[in-house]
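Fair warning: this is a prediction, and the values are worked out from it, not measured in the lab. In what follows, residues are counted from 1 in the order of the sequence shown. Atom set for the values below is all heavy atoms of this structure, side chains included, hydrogens, waters and symmetry mates excluded.
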Amino acid sequence: MNNLLNTSTTSTSPTISPTTRTLGHGTVGADQPVYVTGEIGINHNGDLDIAVALIDAAADAGCDAVKFQKRTPEICTPRDQWDVERDTPWGRMAYIDYRHRVEFGETEYRAIDEHCRARGIDWFASPWDTEAVAFLEKFDVPAHKIASASLTDDELLRTVRATGRTVILSTGMSTPQQIRHAVEVLGSENILLCHATSTYPARAEELNLRVIESLRRDYPNVPIGYSGHETGLQTTLAAVALGAVFVERHITLDRAMWGSDQAASVEPQGLTRLVRDIRTIETALGDGVKKVYDSELAPMKKLRRVLAPA
């Protein structure tokens, strides 16, 4: 077995320093600032103006990137669902028509690419099929994200690997064996793993954030991140404290907007707080070397009754 896939589960493993990955304007890995991504997904509801507003919200909050989802509707929608009628904000329509209604094409992505460049923020997407990979390759994106639902799609994994780009792999709804197989298909040299629980929104008791530590132990040469679908911010901050070097949260202009991901998303004010608090935590974590700070010398002189050797 590949020696990068150490599956030891003992609690006495040495401290692990994952290697780094290049991702757009940043570097992801140990001793690097946490790379924060605002997951727009399809929360734009097919409206470019909403997408631009979400890009602005992410840039203003200090995010490093925004992420979209790209599907080829005829491939990703089961054939028996195409003609099933659904109620939508645009009236009742066939499901395949709805999937096209919320899917951006090349014109919209050209505008997204231009706006992200103007705002100095990276963007990439989750391709859900091989044609979507080819589509995204037109834009020289810095990475491809494999959604948890696609982790077992070997054809998609091989296609993404062949691009040579950084691959971010979410691990929700997946067993350890399935994760290991996906890593073997992708190769471990250019990937980043994200712990995730694929419930929208996810309950605190099912987040199991200690899996971040397990993944760090099992994949010592792979940076480990967190893709959160919970409500609130505190558990995402806990993920950073546990060692996540990449954070992704769904974002929205208003959690009451129409769409399946809106309720598990973070609004602009919350996103600003999240990025601010992540930066505070990574500063507070320090380097792990115990020392006496200069700021402690005056309190030491005032409060310590018994002097001891240094």
Side-chain angles (χ1 to χ4, degrees), residues 1-7 16-39 63-70 113 116 121-172 174-196 211-227 239 243-248:
M1 179 175 291
N2 188 331
N3 62 10
L4 295 175
L5 306 181
N6 173 15
T7 57
I16 293 166
S17 297
T19 54
T20 58
R21 302 288 185 267
T22 299
L23 190 51
H25 295 96
T27 303
V28 184
D31 302 321
Q32 301 294 322
V34 176
Y35 191 98
V36 183
T37 299
E39 159 73 294
C63 288
D64 299 286
V66 291
K67 189 182 80 67
F68 295 86
Q69 297 175 17
K70 181 58 181 169
D113 185 65
C116 286
I121 190 170
D122 298 326
W123 78 271
F124 51 96
S126 294
W128 285 65
D129 56 83
T130 58
E131 288 189 18
V133 177
F135 176 90
L136 292 169
E137 281 293 296
K138 300 176 185 178
F139 298 92
D140 195 27
V141 289
H144 292 295
K145 168 77 184 293
I146 298 295
S148 295
S150 301
L151 181 139
T152 55
D153 186 342
D154 285 6
E155 181 186 17
L156 179 62
L157 301 186
R158 286 191 293 267
T159 301
V160 167
R161 180 178 183 173
T163 68
R165 301 188 190 277
T166 298
V167 180
I168 304 159
L169 176 65
S170 269
T171 60
S174 304
T175 67
Q177 293 76 19
Q178 290 168 339
I179 295 168
R180 187 174 299 112
H181 175 76
V183 172
E184 290 172 346
V185 173
L186 285 168
S188 57
E189 298 82 9
N190 207 31
I191 67 168
L192 186 157
L193 289 176
C194 283
H195 171 53
V211 171
I212 293 168
E213 297 173 322
S214 299
L215 289 172
R216 291 179 65 200
R217 184 171 61 245
D218 292 346
Y219 301 92
N221 294 314
V222 176
I224 305 301
Y226 177 66
S227 179
V245 298
F246 173 99
V247 163
E248 175 186 283

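Remark: Thr130 OG1 to Leu156 CG distance equals 7.5 Å, nearest 0.5 Å. Expressed to the nearest 0.5 Å, how far CD1 of Ile146 lies from CG of Leu186 amounts to 6.5 Å. Summarising the geometry, atom CG belonging to Leu151 is positioned 6.5 Å from atom CG belonging to Leu157; distances are rounded to the nearest 0.5 Å. Expressed to the nearest 0.5 Å, how far CG of Leu193 lies from CD1 of Ile224 amounts to 4.5 Å. Atom CG of residue Asp218 and atom CZ of residue Arg180 lie 7.0 Å apart, to the nearest 0.5 angstrom.
Aromatic ring pairs are classed by plane angle as parallel below 30°, tilted from 30° to 60° and perpendicular above 60°; the pair Tyr226 and His195 is tilted.
Formation of a donor-acceptor pair under 3.5 Å by the Thr175 side chain with backbone atoms of Gln178 is found in this model. Proximity of a side-chain donor or acceptor of Thr19 to a complementary backbone N or O of Asn221 within less than 3.5 Å is detected.
Phe124 meets the ring-ring contact (aromatic ring centres under 6.0 Å, His included) test with no other residue; sequence neighbours excluded.
Side-chain contact check for Val222 versus Arg21: some heavy-atom pair is nearer than 4.5 Å. Between Val245 and Tyr35 there is no side-chain heavy-atom pair separated by less than 4.5 Å. A 4.5 Å side-chain heavy-atom check between Arg158 and Arg161 finds every atom pair outside the cut-off. No side-chain heavy atom of Asn190 sits less than 4.5 Å from a side-chain heavy atom of Val167. With a 4.5 Å cut-off on side-chain heavy atoms, Ser170 and Ile168 do not count as touching. Residues Asp154 and His181 have side chains in contact (heavy-atom distance under 4.5 Å, counting atoms from C-beta outward).
The minimum heavy-atom distance between Ser148 and Ala196, with the atom names listed, is OG-CB, 4.2 Å. A pairwise comparison of heavy atoms in Lys145 and Pro127 identifies O-CD, 3.3 Å as the closest pair. Among all heavy-atom pairs drawn from Ile212 and Ala239, the shortest one is CD1-CB, 3.6 Å. Smallest separation of non-hydrogen atoms from Trp123 and Val141: CH2-CG1, 3.8 Å. Of all the heavy atoms in Gly243 and Arg216, the pair that sits closest is CA-NH1, 4.1 Å. When all heavy atoms are compared, the tightest approach of Ser174 to Ile179 is CB-CG1, 4.0 Å.
Checked by atom type, the side-chain pair Thr37/Glu248 shows no donor-acceptor distance below 3.5 Å.
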Q: Please report the C-alpha distance between Tyr219 and Ser188 in whole Å, then the side-chain angles of each, then the deciding distance to 0.1 Å, and finally whether the side-chain contact (heavy atoms from CB on, under 4.5 Å) criterion is met.
A: CA-CA 9 Å; Tyr219 301 92; Ser188 57; over 6 Å; no

Show me the donor-acceptor pairs within less than 3.5 Å that the side chains of residues 22-30 make with the rest of the protein, sequence neighbours left out.
residue	atom	partner	partner atom	Å
His25	ND1	Asp122	OD1	2.4

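Atom CD of Glu137 has more than 12 neighbouring heavy atoms from other residues, nucleotides or ligands inside a 6.0 Å radius.
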